[in-house]
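Quick one: structure below, then a few questions.
Each chain gets a letter, A, B and so on, in the order its sequence line appears, and its residues count up from 1.
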Amino acid sequence: MFDLNSLNPQQRQAVEHDLGPLLLLAGAGSGKTRVITCRISYLLQQRQVAATQILAMTFTNKSAREMRERVEQMVGRKACKGMVISTFHSLCVRILKSHIEKLGYKKNFSIYAASDQQRLVRDLLRDLVADSSAKDADRILWQISAAKNRLVSAAGFKPDINNPDSCLTAEVYPRYQKALKAYNAVDFDDLLMLVVQLFDEHPKVLADYQQRFVYQMVDEYQDTNPVQYRLLRQLSCVHGNLCVVGDDDQSIYGFRGADISTILNFEKDFPGTKVIKLEQNYRSTGNILASANAVICNNNKRRVKALWTADGDGEKVEYLLCEDDEDEARQVMERIHSERFKRKLEYRDFAILYRTNNQSRSFEEQLRYEDIPYVLIGGQKFFDRKEVKDLVAYLKVLINPFDEVNLLRILNYPRRGIGGTSADRLIRLSAESERPLWELLQQAVMIEDLSAKVVGAIDNFADLLKRYRQRFTKPLQMVETLRDLVKELKLDEELYRQENDPQKARRRVENQAEVINSMASYLERESEPTLAGFLERVSLLDDDNIGRNDKEKKLAQDAVTLMSLHSSKGLEFPVVFLVGMEEETLPHKKSIYETFDIDEERRLCYVGMTRARMQLVLIGARKRRRYGSLTQRDPSRFLSEIPEEVLLRLSSEVPRESSETEKEQLADSFFAGISNLFGDS
DNA sequence: GGGTCACCAGTTTTT
DNA sequence: CTGGTGACCC
């Protein structure tokens with residue numbers, strides 16, 4: 001059990017709060033997670049609340065897992081049985097698994113991730129606009145997603161006449177939704193939206209969940225979008241014990257539909273709300289907090305709070321102005337070396353944070369050059385890699401043969417002689433006859449205009465799918481079956497054939513092998529494994545997803561961390577380098593000229609600053625190589641918001657970088673010298 | 001059916 | 001400077 005006396009008064013008040021809505025405004029580093037986990041433990045132990053009555057929602061699997069582990073540590077594993085701690089999406093998948101048939105889908109539905117969605121929208125758009133590009137499709141998809149986040153259905157979508165994209169979306173959205181249903185597939189946004197719809201249309205189903213979950217908690221409430229908000233309202237309105245935890249100053253996912261006013265309006269929406277602010281910070285030095293506070297208080301729409309620490313001021317925050325991007329990277333290396341020595345730190349104590357992922361390059365180069373171990377967080381996710389998706393596509397189709405996006409994906413992968421022309425013919429026929437593609441594939445002989453060779457290929461393909469579908473019904477032999485599938489498809493050969501660079505090809509083969517490993521570990525962990533269950537985990541990037549494991553494995557070793565400001569939320573490091581502190585980078589260009597949301601950029605800056613425990617170094621460059629050419633840069637406006645007395649301004653004093661012409665002159669005279677040496681005339 | 005070339009655009013992204 | 005895409009050609 002935990003000691004209530006180890007909490008500060010506000011934390012304790014939050015933990016002991018019993019009935020009625022609670023808004024916990026938890027500043028960065030204020031012990032938020034501790035309060036949630038303690039509160040759950042308190043409910044279980046002190047208030048004798050049954051574990052099954054508790055629902056805790058998070059945004060990431062990682063925080064869900066951590067939360068559960070910490071509660072289990074406090075009250076024991078047994079006491080937690082039946083408690084639901086999960087992400088919004090996982091919870092919704094669970095609900096849909098039991099009830100989706102009420103909405104006209106089948107239980108074995110596929111979950112479409114970004115690439116599946118893209119492929120579908122591209123195809124649909126091509127039917128409408130002949131010269132449509134992938135970029136167009138992405139923009140449309142973006143609009144569809146934004147609509148779904150706002151709970152706007154295909155039928156309810158009203159185009160903005162002045163916006164051509166929006167008009168196109170009005171055309172595509174209904175077709176997209178219709179196709180998904182035909183393919184028995186749902187996208188990520190649907191997972192939430194369909195549950196809201198289910199609850200609206202089937203009050204009895206809703207009532208069951210309302211009765212069950214007496215206490216509800218939501219982490220990172222500032223990141224909820226309108227659909228999630230609606231879901232929480234539906235679930236909580238009977239018992240009214242909704243406890244939300246968040247920090248409006250750390251709302252950085254507005255671009256994904258998160259609405260900061262949701263947290264700002266909480267008391268209005270839930271009358272009788274108790275508000276508790278956690279402002280004592282247990283992470284950063286006084287100077288770091290002073291500068292972060294000074295920056296964030298320039299935002300207007302926010303709940304006023306000011307982080308403070310009982311500890312000392314610490315070192316001043318530094319602002320280091322460098323010559324260019326290369327210099328910026330070199331300066332960071334130098335600081336890593338010296339700080340590591342001076343403060344006896346390890347590589348893992350350093351983080352380099354940036355606004356956009358492409359900023360990582362110069363640092364990676366320099367780190368490699370200096371032989372400093374580093375981990376790059378973000379970038380391409382494991383299950384987003386083509387070769388992985390290709391293999392997973394087979395599994396998806398085996399579960400749900402109506403999943404046409406994935407069926408088309410594997411139809412000619414690896415190449416089996418069913419090319420674009422034949423595929424087009426099949427698709428057209430499928431549309432005309434309104435029969436699923438899978439049905440046609442099973443009777444390829446009946447189709448006119450297909451050569452005997454193609455018919456043979458299709459027959460073999462259909463036969464292969466049927467065979468493996470049969471075999472995968474034996475879950476315990478899943479891994480063996482998958483191995484056989486990879487072997488039979490000769491996927492290794494295919495990868496070596498596609499890739500010129502044998503090294504790359506080998507990596508891709510290994511990635512496919514990782515899928516098999518992932519399945520093996522799923523099989524070990526799960527008491528009732530199924531192929532569908534495995535796919536569900538893969539789709540939701542659940543705990544034994546490889547990308548995540550990789551990330552954690554990497555964090556465990558001693559290495560400098562490189563990541564975007566967005567990825568840094570929730571983490572902390574003794575020394576933080578916040579790089580690229582320049583106008584048009586932070587704040588980003590688009591936020592200045594297009595979206596006009598400087599406040600969110602300021603919050604992003606704030607999140608980055610508050611990651612630092614001991615030392616915060618803000619870095620910018622005078623000029624920077626962008627898309628090949630050198631451009632002048634201005635210091636970020638956020639720098640001028642930091643009080644001078646906590647800021648140490650430094651300028652890198654490197655020997656002035658010689659210009660290109662000077663270099664050429666230097667080279668010329670060098671070669672001239674050599675020629676002279678050899679007595680050339 | 002697949003490979004090559006020219007062109008274009010270039011945030012963030014928990015699931 | 002890059003990577004990704006689509007048109008075009010064999």
Side-chain angles (χ1 to χ4, degrees), chain A residues 57-64 86-93 111-114 117-118 122 126 130-138 142 145 149 186-192 219-220 222-225 227-228 250-258 325 353-359 361-362 377-381 383-384 386 412 415-424 454 497-498 500 536-542 545 547-548 551 563-571 580 584-595 597 600-601 603-605 607-608 625-630:
Chain A
M57 306 266 248
T58 65
F59 282 85
T60 66
N61 295 304
K62 190 178 167 216
S63 50
S86 90
T87 64
F88 277 95
H89 290 83
S90 303
L91 179 73
C92 288
V93 169
I111 300 171
Y112 274 12
Q117 293 175 283
Q118 275 163 6
R122 273 171 212 190
R126 243 196 295 275
D131 60 342
S132 61
S133 74
K135 291 254 152 55
D136 298 329
D138 287 351
W142 181 263
S145 174
N149 285 157
V186 302
D187 65 22
F188 272 102
D189 303 315
D190 282 340
L191 290 175
L192 306 184
D219 193 16
E220 308 279 16
Q222 76 279 356
D223 292 333
T224 47
N225 63 31
V227 188
Q228 288 157 338
Q250 293 186 70
S251 165
I252 54 174
Y253 284 100
F255 69 96
R256 290 199 89 227
D325 28 359
L353 308 182
Y354 36 76
R355 175 67 239 259
T356 64
N357 282 317
N358 60 15
Q359 286 173 264
R361 254 194 60 180
S362 57
I377 310 270
Q380 208 182 18
K381 299 273 181 301
F383 282 101
D384 272 346
K386 190 184 171 299
N412 199 32
R415 293 176 312 160
R416 52 170 67 88
I418 314 173
T421 330
S422 313
D424 280 344
V454 173
R497 193 191 62 79
Q498 283 175 3
N500 306 334
E536 190 183 305
R537 289 196 170 218
V538 167
S539 302
L540 296 175
L541 293 175
D542 221 277
N545 100 69
R548 181 74 64 184
K551 182 167 164 178
M563 64 186 158
S564 72
L565 288 165
H566 283 91
S567 315
S568 77
K569 197 175 71 173
L571 304 175
E584 301 195 343
T585 297
L586 185 65
H588 192 271
K589 210 172 171 176
K590 294 233 165 147
S591 72
I592 302 174
Y593 305 111
E594 287 174 41
T595 59
D597 194 359
E600 181 144 318
E601 299 291 303
R603 292 192 288 269
L604 215 34
C605 182
V607 165
R625 213 168 264 292
R626 290 196 80 168
Y627 313 133
S629 56
L630 212 57

| said: Students often get this wrong, so: under 4.0 angstrom with heavy atoms, is E584(A) touching a base, only sugar-phosphate, or nothing? | reply: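 Nothing, no nucleic acid heavy atom in range.
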| Looking only at side-chain N and O atoms, does S567(A) come under 4.0 Å of OP1 or OP2 in dT13(B)? |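 Yes.
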| said: Tell me whether H89(A) and dT15(B) count as stacked here, given that the ring centres must be under 5.5 Å apart and the planes must differ by less than 30 degrees. | reply: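 One would not call H89(A) stacked on the dT15(B) base.
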| task | Measure from the side-chain heavy atoms of N357(A) and tell me the nearest of dT12(B), dT15(B), dT11(B). | result |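 The answer is dT12(B), which lies nearest to the side chain.
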| field | Sugar-phosphate, base or nothing in reach of D223(A), heavy atoms under 4.0 Å | value |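 Base contact.
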| message | Quick check: closest heavy atoms across M563(A) and I377(A), and the distance to 0.1 Å? | response |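 Looking at all heavy atoms of both residues, the closest pair is CB-CB, 3.7 Å.
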| field | Over all atoms of both residues, closest heavy-atom pair of A64(A) and S86(A) | value |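 Here A64(A) and S86(A) meet closest at CB-CA, 4.1 Å.
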| field | Y253(A) side chain, from C-beta outward: closest of dT14(B), dG2(B), dT12(B) | value |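 From the listed options, dT14(B) comes nearest.
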| Interatomic distance at P, dT5(C) relative to dT12(B), whole Å |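 dT5(C) and dT12(B) have their P atoms separated by 16 Å.
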| task | Measure from the side chain of R415(A), starting at C-beta and using heavy atoms only, and say which of dT11(B), dT15(B), dG2(B) lies closest. | result |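 Of the candidates, dG2(B) comes closest.
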| task | State, to 0.1 Å, how close N149(A) and R256(A) come at their nearest heavy-atom pair, and which atoms those are. | result |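 What the structure gives for the nearest pair is OD1-O, 3.1 Å.
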| Rounding to a whole Å, what distance do you find between E594(A):CD and dG10(B):P? |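 In whole Å, dG10(B) P and E594(A) CD are 9 Å from each other.
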| query | Taking CG from L192(A) and P from dT14(B), how many angstroms apart are they, rounded to a whole number? | reply |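 Roughly 15 Å, once rounded to whole Å.
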| message | Less than 4.0 angstrom between a side-chain N/O of N225(A) and OP1 or OP2 of dT15(B), yes or no? | response |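 False: N225(A) side-chain N/O out of range (4.0 Å or more) of dT15(B) OP1/OP2.
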| Presence of S564(A) side-chain N/O under 4.0 Å of dT13(B) phosphate oxygens OP1/OP2 |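 Checking dT13(B) against S564(A), a side-chain N or O does come within under 4.0 Å of OP1 or OP2.
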| query | Considering only the C1' atoms, how many Å lie between dT14(B) and dG3(C), rounded to the nearest integer? | reply |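 Nearest-Å result for dT14(B) against dG3(C) at atom C1': 26 Å.
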| Which whole-number value in Å describes the distance from E220(A) CD to dT15(B) P? |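 Computing the E220(A):CD to dT15(B):P distance gives 12 Å.
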| task | Considering just the side-chain nitrogens and oxygens of R256(A), establish if one lies under 4.0 Å of OP1 or OP2 belonging to dT12(B). | result |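 No.
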| request: Determine the contact category for I418(A): base if any of its heavy atoms lies under 4.0 Å from a base atom, sugar-phosphate if only primed atoms, P, OP1 or OP2 are that close, otherwise nothing. | output: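 I418(A): backbone/sugar contact only, no base atoms under 4.0 Å.
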| query | Are OP1 or OP2 of dT5(C) and a side-chain N or O of R122(A) less than 4.0 angstrom apart? | reply |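 Result: yes.
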| said: If you compare all heavy atoms of D223(A) against all heavy atoms of I252(A), which two are closest, and at what distance to 0.1 Å? | reply: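 Smallest interatomic distance, heavy atoms only, reads OD1-N, 4.1 Å.
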| Contact summary for S567(A) and L571(A), nearest pair of heavy atoms |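 The pair with the smallest heavy-atom distance is O-CD1, 3.9 Å.
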| message | For dT15(B), is there a stacking contact with F59(A), counting only centres under 5.5 Å and planes under 30°? | response |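 One would not call F59(A) stacked on the dT15(B) base.
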| message | Below the 4.0 Å mark, does dT15(B) have OP1 or OP2 next to a side-chain nitrogen or oxygen of N61(A)? | response |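 For N61(A), the contact criterion (side-chain N or O under 4.0 Å from OP1 or OP2 of dT15(B)) is met.
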